[in-house]
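Source: prediction; values computed, not measured.
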Amino acid sequence: MLKALPKNIDPALLVGYDTSDDACVYRLRDGLALIQTLDFFPPIVDDPFAYGQIAAANALSDIYAMGAIPAVALNIFCVPACLTPAEVAAILAGGADKVREAGAIIAGGHSVEDAEPKYGLCVSAFADPDKLWTNAGAKPGDILILTKPLGNGILATAAKQDKITPSQFEQAITSMATLNKYARDAAAKFTVHACTDITGFGFLGHACEMAKASGVTFVIDHAAIPLFDQVRDLAKKGVVPGGAKRNAEYLINDIAFAHNIPDLIRIILNDPQTSGGLLLSVPRETKKPLLAALRESGAEGWVVGEAENRGDHTIEVR
């Protein structure tokens, strides 16, 4: 595992590894910074076009989590011999579809032969560094707003095991392919103290990084967390990805659960997400207008907790 970069390694490196943020930020000159990220992974759905869409939306999300707008993307693609030319074309077309929707361009990329397909993007953006969001600015008194339901990792696992129908999985596919552009655009009209997106480390993992970076404690209302249909029932039956259990084990010393929190909720909150929503830390007075703006933009929003002065734990789930 790479160690955090010393903060003084380069004064132009404004955001590096030290707060586990969603993208790096490098100052090019006064008033202009480069924001850059890379993400790719194996298929989570059978349809190659949808896979390309989801992988691209997931990579683009890191830019939106910084409050920026994607500009240029490069494909990164591992191609096995078993893929047909039509399937390769469909994956790339799905990625191009989402990059186009984001208002960015694909300027090239690189592919290699591999045993299984893996696809994603390296994405760059340019913005005023003073106007960017990071995961390190949450303040006591802030409310926390989540913009997509949880549980797509559980649904993907269930789909692989034929425990749900294709139509039951469709809700998660649609969500994963939805850009966080619309949530970002709505939130950008307001004060945002901190932001991250919810992906492989699950809701609690990414919230924990944000709370630690901000020096606060997040208090989460488990009953307010939005879930996809079927997720509770599947978790009760033990249909969960192995990553959810690993996430929970990793965070065992950072999270305090109230005694009445069911085990299945603990697992769901650690469910590794693909192309999940944004988690925004905003002033309390922003609640009503921001939720309205999210709805008007075509996104969604749920108040799932608040930030408090740092306590004994990074996160308290009540």
The single option from K139, K287, R284 passing salt bridge (Lys or Arg N to Asp or Glu O under 4.0 Å) against E306: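 The salt bridge (Lys or Arg N to Asp or Glu O under 4.0 Å) with E306 is passed solely by R284 among K139, K287, R284.
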Partners of D233 by side chain to side chain donor-acceptor pair (under 3.5 Å), sequence neighbours excluded?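 Partners of D233 by the side chain to side chain donor-acceptor pair (under 3.5 Å) criterion come out as none, since no residue qualifies.
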Side chain [X], main chain [Y], donor-acceptor under 3.5 Å:
X: S281; Y: D142; result: no
X: S214; Y: V216; result: no
X: T217; Y: G311; result: yes
X: S111; Y: C78; result: no

With side chains defined as the heavy atoms from C-beta onward, is the minimum distance between [X] and [Y] less than 4.5 Å?
X: P272; Y: F201; answer: no
X: L294; Y: I145; answer: yes
X: D221; Y: V304; answer: no
X: E101; Y: L179; answer: yes
X: R100; Y: I106; answer: no
X: F203; Y: I225; answer: yes
X: L60; Y: N180; answer: no

So, K212 and E209, do they make that salt bridge, N to O below 4.0 Å?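 No, no charged N to carboxylate O under 4.0 Å.
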Would you call R318 and E316 a salt bridge, taking side-chain N to carboxylate O under 4.0 Å as the test?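 Counted as a salt bridge, because a side-chain N and a carboxylate O are separated by less than 4.0 Å.
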If you look at every heavy atom in P80 and A115, which pair is closest and at what distance?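 Of all heavy-atom pairs spanning P80 and A115, the closest is CB-O, 3.6 Å.
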Indicate, with yes or no, if [Y] and [X] share a hydrophobic cluster defined by side-chain heavy-atom contacts under 4.5 Å among Ile, Leu, Val, Met, Phe, Trp and Tyr.
X: F228; Y: L264; value: yes
X: I173; Y: L227; value: yes
X: Y26; Y: L38; value: no

Tell me, yes or no, whether the heavy-atom count around D312 atom CG, taken from other residues, nucleotides or ligands under 6.0 Å, exceeds 12.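 Incorrect, the count does not exceed 12.
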Residues in ring-ring contact (aromatic ring centres under 6.0 Å, His included) contact with F77, at least two apart in sequence or another chain: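 With neighbours one apart ignored, the set is Y119.
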